[in-house]
Amino acid sequence: MSEEALASTAFRGYFDSYAEAIRNFIYFKCGNQAQAEDIMQEAFLRLWRDREKVQPEKVKSFLFTVANNLFLDGVRHEQVKFRYQQQQVERSDNESPQHILEQAEFKQALEDAINALPPGQREVFLMNRIEKLTYQEIADRLEVSVKAVEKRMGKALKKMRKLTKKI
């Protein structure tokens with residue numbers, strides 16, 4: 001059997017073993033089945049592209065790391081799009097330059113405060129405040145207890161208050 005055929009067989013085994021788990025992992029983060037499917041497929045494409053560099057015992061870790069990074073890249077891209085849309089709205093407002101400047105500074109400080117949160121707290125904070133999910137819905141998506149969500153949210157709010165007091 002050729003080296004390419006062996007790689008293809010091994011790849012198929014990895015796909016059969018991890019595809020559903022990765023898809024579910026991303027689905028719990030984003031709540032979008034199509035996006036989860038796309039990210040899972042892209043993770044496997046990157047595994048295939050880097051197959052000579054990835055050790056067999058690290059395939060699972062590689063796939064989950066790549067999938068998570070792809071998800072986070074998508075979130076950052078959406079944030080950039082949102083900021084751009086907000087800038088367009090701000091430009092069309094007929095408010096005073098002072099007000100516009102203060103508003104921009106506040107938004108930047110708020111974004112910086114959100115970005116300063118640890119990943120778990122940021123994820124819970126954004127799911128609750130942006131996606132309007134309940135603590136139970138967040139707990140179900142993240143596969144953690146409601147108490148864990150409450151704790152993360154409490155810490156996130158405390159840190160947000162501390163960081164935004166400077167505004």
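This chain uses plain numbering: 1 for the first residue, then up along the sequence. All values reported here derive from a predicted model rather than from experimental measurement.
- There is a path of hydrophobic side-chain contacts, each under 4.5 Å, that joins Phe64 to Trp48.
- A 4.5 Å side-chain heavy-atom check between Val59 and Leu47 finds at least one atom pair inside the cut-off.
- Residues Leu110 and Met160 meet the side-chain proximity criterion, which asks for heavy atoms closer than 4.5 Å.
- For the atom pair CE (Met40) and CZ (Phe15), the distance works out to 4.5 Å, reported to the nearest 0.5 Å.
- Here the closest non-hydrogen pair linking Leu117 and Arg122 is O-NH1, 2.9 Å.
- Ile138 approaches Val124 most closely through the heavy-atom pair CD1-O, 3.9 Å.
- If you check the side chains of Glu37 and Gln33, you find no donor sitting under 3.5 Å from an acceptor.
- Smallest separation of non-hydrogen atoms from Tyr135 and Asn128: CE2-ND2, 3.7 Å.
- Inter-residue side-chain proximity for Phe71 and Gln35 is flagged as met; some heavy-atom pair is nearer than 4.5 Å.
- The 12-atom threshold is not exceeded at CD of Glu52, counting heavy atoms of other residues, nucleotides or ligands nearer than 6.0 Å.
- The side-chain heavy atoms of Leu101 and Glu105, taken from C-beta on, include a pair separated by under 4.5 Å.
- In plain terms, the two heavy atoms of Phe11 and Phe44 that are nearest each other are CE1-O, 3.3 Å.
- When all heavy atoms of Cys30 and Ala36 are compared, the pair lying nearest together is SG-N, 4.3 Å.
- By the rule that hydrophobic residues join a cluster once side-chain heavy atoms approach within less than 4.5 Å of another member, Phe28 and Leu133 end up as members of separate clusters.
- Here CD of Gln79 is found 7.0 Å from CD of Glu111. Values are rounded to the nearest 0.5 Å.
- How far CG of Leu63 is from OH of Tyr14: 9.5 Å, rounded to the nearest 0.5 Å.
- Nearest heavy-atom pair across Ile22 and Ala67 is CG2-CB, 3.7 Å.
- Distance CG/Leu70 to CG/Asp38: 10.5 Å, rounded to 0.5 Å.
- Residues Lys151 and Lys147 fail the side-chain proximity criterion, which asks for heavy atoms closer than 4.5 Å.
- A 4.5 Å side-chain heavy-atom check between Leu45 and Arg49 finds every atom pair outside the cut-off.
- The structure places CE of Met127 at 10.5 Å from OG1 of Thr134, a figure rounded to the nearest 0.5 Å.
- For the pair Val144 and Arg152, the minimum side-chain heavy-atom distance is below 4.5 Å.
- Side-chain atoms of Lys132 come within 3.5 Å of backbone N or O of Arg129 as a donor-acceptor pair.
- Leu157 is connected to Ile114 through a chain of hydrophobic side-chain contacts under 4.5 Å among Ile, Leu, Val, Met, Phe, Trp and Tyr, so both are in one cluster.
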Apply the test salt bridge (Lys or Arg N to Asp or Glu O under 4.0 Å) to residues Arg46 and Glu42: give CA-CA distance (whole Å), side-chain angles for both, the deciding distance (0.1 Å), then the verdict.
-> CA-CA 6 Å; Arg46 291 186 184 190; Glu42 180 63 27; 3.0 Å; yes
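- A distance of 12.5 Å separates CZ of Arg23 from CD1 of Ile39, quoted to the nearest 0.5 Å.
- Ile130 is not listed as a side-chain neighbour of Phe125, based on a closest heavy-atom distance of 4.5 Å or more.
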Verify side-chain contact (heavy atoms from CB on, under 4.5 Å) between Val80 and Arg76, making sure each step is shown before the conclusion.
-> CA-CA 6 Å; Val80 168; Arg76 281 190 280 280; 5.7 Å; no
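- The backbone N or O of Thr9 lies less than 3.5 Å from no partner atom in the side chain of Arg12, so there is not a single donor-acceptor pair.
- In the hydrophobic clustering of this structure, Leu72 groups with Phe62; members are Ile, Leu, Val, Met, Phe, Trp, Tyr whose side-chain heavy atoms approach within less than 4.5 Å, directly or through other members.
- Residue Lys159 qualifies as enclosed at atom NZ: its count of foreign heavy atoms under 6.0 Å is above 12.
- No more than 12 heavy atoms of other residues, nucleotides or ligands shown are found within 6.0 angstrom of CZ on Phe82.
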